[in-house]
Amino acid sequence: MKKRYILSAGAAGAIGAAVTGYFLKDQENRDKLKQNAKNVTDKFKTNKNTGNTLLEDAGIPDQSSDSGPAQRDNAKMVDEGSQFGVQYYNEVKEENTN
């Protein structure tokens, strides 16, 4: 790696650290950052506790509480007549019960 790239990366890191330090010097900003971090972790925790795996969501495309892009695409395909996700779900469930 060339020296100028290393120096540029070091300068960018130093500027980033300075900006972060300046932003976090106020207690109010630190509290906002902590609250935002807590909100993000809570969202991840609640998404894990929904109980539906990706496979289960494929079996119930229109009834899932997840409204992510993959789930919307699957529901759209089922609306258009595709049963691939539902058939796959049924086959896997049938294999697991045997």
> Taking all non-hydrogen atoms of both residues, which atom of Lys25 and which atom of Arg30 are closest, and how far apart?
Replying inline: O-NH1, 3.2 Å
Output the distance between atom [atom1] ([X]) and atom [atom2] ([Y]), rounded to the nearest 0.5 Å.
| X | Y | atom1 | atom2 | answer |
| --- | --- | --- | --- | --- |
| Lys32 | Phe23 | NZ | CZ | 6.5 Å |
| Leu33 | Thr20 | CG | OG1 | 9.5 Å |
| Leu24 | Lys34 | CG | NZ | 10.0 Å |

Not counting sequence neighbours, which residues clear side chain to side chain donor-acceptor pair (under 3.5 Å) with [X]? List them please.
| X | result |
| --- | --- |
| Asp31 | Gln27 |
| Lys38 | Asp42 |
| Gln35 | Asn39 |

